[in-house]
Peer 1: 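This is the structure I want to talk about, given as structure tokens.
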Amino acid sequence: MAEIIKGPKGVPVYLPPQSATFLAVREALTSPARHAGYGYIELPVYEDTSLFVRGVGESTDVVSKEMFTFTDRGERSITLRPEGTAGVMRAVIEHGLDKGQLPVKIYYAAPFFRAERPQFGRYRQLQQVGIEAIGGDDPALDAEVIALADEGYRSLGLSKYELRITSLGCANCRPAYRALLQDFLRGLELDVETQERARVNPLRVLDDKRMEVQRQLTHAPLQVDHLCADCAEHYRLVKHYLLLLNVPFVEFPRLVRGLDYYTRTTFEFDHPLLGAQSGIGGGGRYDGLMTELGGAPLSGIGFGLGTDRTMIACDAEGLTVGDPARCDVFLVPLGSEAKDYAVRLAGQLRRVGVRVDMAYGDRALKGSMKAADRSGARYAVVIGDRELADRALPLKSLATGEQELVPADSLVQTIVGNLEA
RNA sequence: GCGGUCGUAGCUCAGCUGGUAGAGCGCCGCGUUGUGGUCGCGGAUGUCGCGGGUUCGAGUCCCGUCGAUCGCCCCA
């Protein structure tokens with residue numbers, strides 16, 4: 001026997017019927033964006049490596065050790081996208097969307113790639129839903145973006161997650177705070193690796209999960225206490241609009257994100273039931289990114305929501321998401337004449353939008369009924385010589401077991417009517 | 001990249017201190033005429049992750065490897 005080829009490591013596979021949940025979650029997370037004027041964007045899965053190095057930031061873990069990078073036949077360095085924002089910015093700049101009506105509002109649902117050690121909820125190919133609103137400083141826009149994420153989660157029935165927000169300041173006030181924090185960190189007892197992090201990206205140290213580190217951070221200076229007047233007012237208004245939108249949140253001054261481009265408003269959705277990988281989504285403002293990538297000096301804000309992790313969160317909260325039924329109606333033909341009839345009927349029903357499957361392979365009635373049951377269909381229709389002679393078919397409800405005889409001519413109409421009821 | 005745990009039928013797992021494999025679920029069939037889901041009976045399916053070693057003999061011990069999983073770093 002030939003050797004079985006295995007799938008790539010750390011990539012989740014969604015098979016029926018669970019894959020229906022994946023589709024439903026993705027739909028739930030993208031739907032709010034479509035209701036707020038965001039248009040869909042389809043982008044390359046790979047980009048020039050320098051896009052991510054410049055956009056995401058060289059000092060980030062994502063860029064320094066988690067990228068799938070290779071050289072193509074033209075000796076160009078190519079990278080499978082590790083996140084979505086940089087690619088969106090590139091496309092916006094390249095195609096001049098920033099020259100049109102602002103803000104540019106865009107959403108996507110796509111796979112991303114990170115060469116990490118796989119774990120539960122952490123994959124090498126991860127699915128994310130994201131939106132970007134480019135060319136707007138208005139704090140109401142920040143609140144909209146956050147609210148759309150919240151709406152996505154809420155529409156799935158999730159209730160146990162927590163929205164955390166803070167402000168990271170801007171190019172004016174961040175450097176001073178950063179220096180202040182570095183001074184503070186220098187006075188602590190930290191291991192070499194953490195000291196290095198304090199030098200390169202001091203904010204990241206605030207996020208350390210280790211008790212011995214957290215203990216020393218009790219009195220660490222926080223960015224929210226050192227915002228410039230503009231940033232403080234912006235942050236105040238974001239919270240104001242979130243209240244108007246009825247989006248519950250907690251202020252989380254220690255919130256740190258892994259990508260370098262974030263400024264001002266930053267947020268994260270955390271789900272306590274997921275263990276170590278508790279972040280189900282996050283995002284923030286990136287006011288310097290466009291210019292960093294050679295575009296017009298436009299600010300922007302967006303989010304990335306983990307589709308995989310949201311599925312896990314739904315499962316953890318015991319939510320049933322998506323319809324696992326493969327069809328609405330299952331046809332059971334007995335004999336070749338009935339089979340002709342069933343094939344034709346299946347075609348007719350599908351054309352009017354009814355999901356139909358039928359018993360193939362000339363199975364015995366009993367086996368076919370079993371298949372009907374397993375299909376999740378609401379109705380079964382047995383078609384045999386009697387039905388063909390009488391021109392009337394039994395429409396059987398698989399839930400109740402009751403069946404009514406329906407004239408052949410009105411069967412399609414009756415089924416459509418019953419399914420809509 | 002680092003540390004822990006695990007890897008037996010499609011799925012969930014049992015298999016005590018080494019003696020040539022089991023259960024439940026699922027799947028297929030039967031319970032006489034054309035009706036599924038419950039019940040009863042019957043049946044198929046495993047190179048016990050892979051490679052090597054110890055042994056008369058290994059699913060069971062040792063080493064390696066791959067994979068999964070939990071934690072760290074980090075992140076969706």
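Letters go in sequence order (proteins before strands), and every chain restarts at 1.
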Peer 1: Does any nucleotide pair with B:U65 by Watson-Crick or G-U wobble geometry, both distances under 3.5 Å, and what is it?
Peer 2: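 Across any shown strand, B:U65 pairs with B:G49.
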Peer 1: May I have the distance from A:F113 (atom CZ) to B:A76 (atom P), rounded to whole angstrom?
Peer 2: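 Taking CZ of A:F113 and P of B:A76, I get 16 Å after rounding.
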Peer 1: If the C1' atom of B:C61 is compared with that of B:U55, how far apart are they to the nearest Å?
Peer 2: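 My reading of the C1' atoms in B:C61 and B:U55 gives 10 Å.
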Peer 1: If you assign each of A:T307 and A:A364 to its closest nucleotide in RNA chain B, which residue comes earlier from the 5' end?
Peer 2: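 Nearest-nucleotide comparison on RNA chain B picks A:A364.
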Peer 1: Under 4.5 Å between any side-chain heavy atoms of A:E251 and A:K239, yes or no?
Peer 2: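 Yes, side chains in contact.
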Peer 1: Output all residues satisfying side chain to side chain contact (heavy atoms under 4.5 Å, CB included) with A:Y14, sequence neighbours left out; order by chain, then residue number.
Peer 2: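 So A:Y14 forms a side chain to side chain contact (heavy atoms under 4.5 Å, CB included) with A:P12, A:S19, A:F22, A:D308, A:M311.
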Peer 1: Let me know the distance between CZ of A:R124 and C1' of B:G67, rounded to the nearest Å.
Peer 2: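 It is 12 Å, rounded to the nearest whole Å.
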Peer 1: Could you give the distance separating B:G10 and B:A76 at their P atoms, to the nearest angstrom?
Peer 2: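 Straight-line distance between the two P atoms is 38 Å.
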Peer 1: Table please: side-chain donor-acceptor pairs of residues 406-416 of chain A below 3.5 Å, with sequence neighbours left out.
Peer 2:
from	atom 1	to	atom 2	distance (Å)
A:D409	OD1	A:R391	NH2	3.2
A:S410	OG	A:P407	O	3.3
A:T414	OG1	A:S410	O	2.8

Peer 1: Using atom types as modelled, flag every donor-acceptor pair under 3.5 Å from a side chain in residues 135-150 of chain A to any protein atom, sequence neighbours excluded.
Peer 2:
from	atom 1	to	atom 2	distance (Å)
A:D137	OD1	A:S299	OG	2.6
A:D138	OD1	A:A140	N	2.8
A:D142	OD1	A:R285	NE	3.3
A:D142	OD1	A:R285	NH2	2.5
A:D142	OD2	A:T265	OG1	2.7
A:D142	OD2	A:R285	NE	2.8
A:E144	OE2	A:Y38	OH	2.7
A:E144	OE2	A:K105	NZ	2.9
A:D150	OD1	A:Y161	OH	2.6

Peer 1: Quote, to the nearest angstrom, the C1' distance that separates B:G46 from B:G7.
Peer 2: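 Roughly 14 Å separates the two C1' atoms.
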Peer 1: Paired with B:U33: which nucleotide, if any, by Watson-Crick or G-U wobble criteria at under 3.5 Å for both distances?
Peer 2: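 Its partner is none (no Watson-Crick or G-U wobble pair with both distances under 3.5 Å).
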Peer 1: Under the salt bridge (charged side-chain N to carboxylate O under 4.0 Å, His left out) test, which residues partner A:D183, sequence neighbours left out?
Peer 2: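 By the salt bridge (charged side-chain N to carboxylate O under 4.0 Å, His left out) rule, A:D183 matches A:R186.
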Peer 1: Looking at B:U54, which nucleotide sits across from it as a Watson-Crick or G-U wobble partner, both distances under 3.5 angstrom, or is there none?
Peer 2: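 B:U54 is unpaired by these criteria.
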Peer 1: At 4.0 Å (heavy atoms only), tell me whether A:Y123 reaches a base, stays on the sugar-phosphate, or touches nothing.
Peer 2: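 Base, at least one base atom sits under 4.0 Å.
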Peer 1: Does the gap between the ring centers of A:Y40 and A:Y107 come in under 6.0 Å?
Peer 2: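 Centroid distance A:Y40-A:Y107: below 6.0 Å, so yes.
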Peer 1: Excluding sequence neighbours, so at least two apart, what forms side chain to side chain contact (heavy atoms under 4.5 Å, CB included) with A:E47?
Peer 2: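 Testing A:E47 for side chain to side chain contact (heavy atoms under 4.5 Å, CB included), a comparison that skips the adjacent residues, returns A:P44, A:L51, A:F52, A:R90.
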Peer 1: In whole Å, what separates the C1' atom of B:U32 from that of B:C41?
Peer 2: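 Nearest-Å result for B:U32 against B:C41 at atom C1': 16 Å.
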Peer 1: Write down the distance between OH (A:Y108) and C1' (B:A76), rounded to a whole number of angstrom.
Peer 2: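 The answer, rounded to whole Å, is 10 Å.
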Peer 1: Could you measure between the two C1' atoms, the one in B:G34 and the one in B:G42, and give it in whole Å?
Peer 2: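 Pairwise C1' distance, B:G34 against B:G42, rounds to 24 Å.
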Peer 1: Which nucleotides of nucleotides 34-43 of chain B have their base under 4.0 Å from a protein heavy atom (B), which only their sugar-phosphate (S), and which neither (-), written as one string 5' to 3'?
Peer 2: BBBB------
Peer 1: Would you measure the distance from the C1' atom in B:G3 across to the matching atom in B:G59 and give it in whole Å?
Peer 2: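 Comparing C1' positions in B:G3 and B:G59 gives a spacing of 27 Å.
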Peer 1: Within the sub-3.5 Å range, which N or O atoms of nucleotides 71-73 of chain B have a protein N or O partner, and how far apart are they?
Peer 2:
from	atom 1	to	atom 2	distance (Å)
B:G71	OP1	A:A276	N	3.2
B:G71	N7	A:Q119	NE2	3.4
B:C72	N4	A:Q119	NE2	3.3
B:C72	N4	A:R122	NH2	3.1
B:C73	OP1	A:D208	OD1	3.4
B:C73	OP1	A:K209	N	3.3
B:C73	O3'	A:R197	NH2	3.4
B:C73	N4	A:R122	NH1	2.1
B:C73	N4	A:R122	NH2	3.0

Peer 1: Can you check the A:K9 NZ to B:U65 P distance for me, whole Å?
Peer 2: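 That distance rounds to 12 Å.
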Peer 1: Classify the nucleic acid contact of A:G376 as base, sugar-phosphate or nothing, counting any heavy atom under 4.0 Å across all strands shown.
Peer 2: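 Nothing: the residue A:G376, judged by heavy atoms under 4.0 Å, touches no strand.
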Peer 1: Checking A:R124 now: which residues fulfil salt bridge (charged side-chain N to carboxylate O under 4.0 Å, His left out) with it, not counting sequence neighbours?
Peer 2: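 Counting only residues at least two positions away or on another chain, A:R124 forms no salt bridge (charged side-chain N to carboxylate O under 4.0 Å, His left out).
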Peer 1: Can you sort out the partners of A:E404 under salt bridge (charged side-chain N to carboxylate O under 4.0 Å, His left out), two or more places apart, ordered by chain and number?
Peer 2: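 Listed in chain order: nothing, the list is empty.
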Peer 1: Tell me: CD of A:E268 to P of B:C74, nearest whole Å?
Peer 2: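 Value for this atom pair: 13 Å.
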Peer 1: What's A:G121 touching, base or sugar-phosphate or nothing? Going by heavy atoms closer than 4.0 Å.
Peer 2: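 The residue A:G121 makes base contact.
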Peer 1: In the structure shown, which nucleotide is the Watson-Crick or G-U wobble counterpart of B:G22, with both distances under 3.5 Å?
Peer 2: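 When the pairing criteria are applied, B:C13 turns out to be the nucleotide that pairs with B:G22.
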Peer 1: What integer number of Å spans the P atoms of B:U45 and B:G40?
Peer 2: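 Between the two P atoms, the distance is 24 Å.
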Peer 1: Salt-bridge test for A:D328 and A:R355: reply yes if a basic N is under 4.0 Å from a carboxylate O, no otherwise.
Peer 2: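 Between A:R355 and A:D328 there is a salt bridge, with a charged N closer than 4.0 Å to a carboxylate O.
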Peer 1: Rounded to whole angstrom, note down the P distance from B:G71 over to B:C63.
Peer 2: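 One P to the other, the span is 26 Å.
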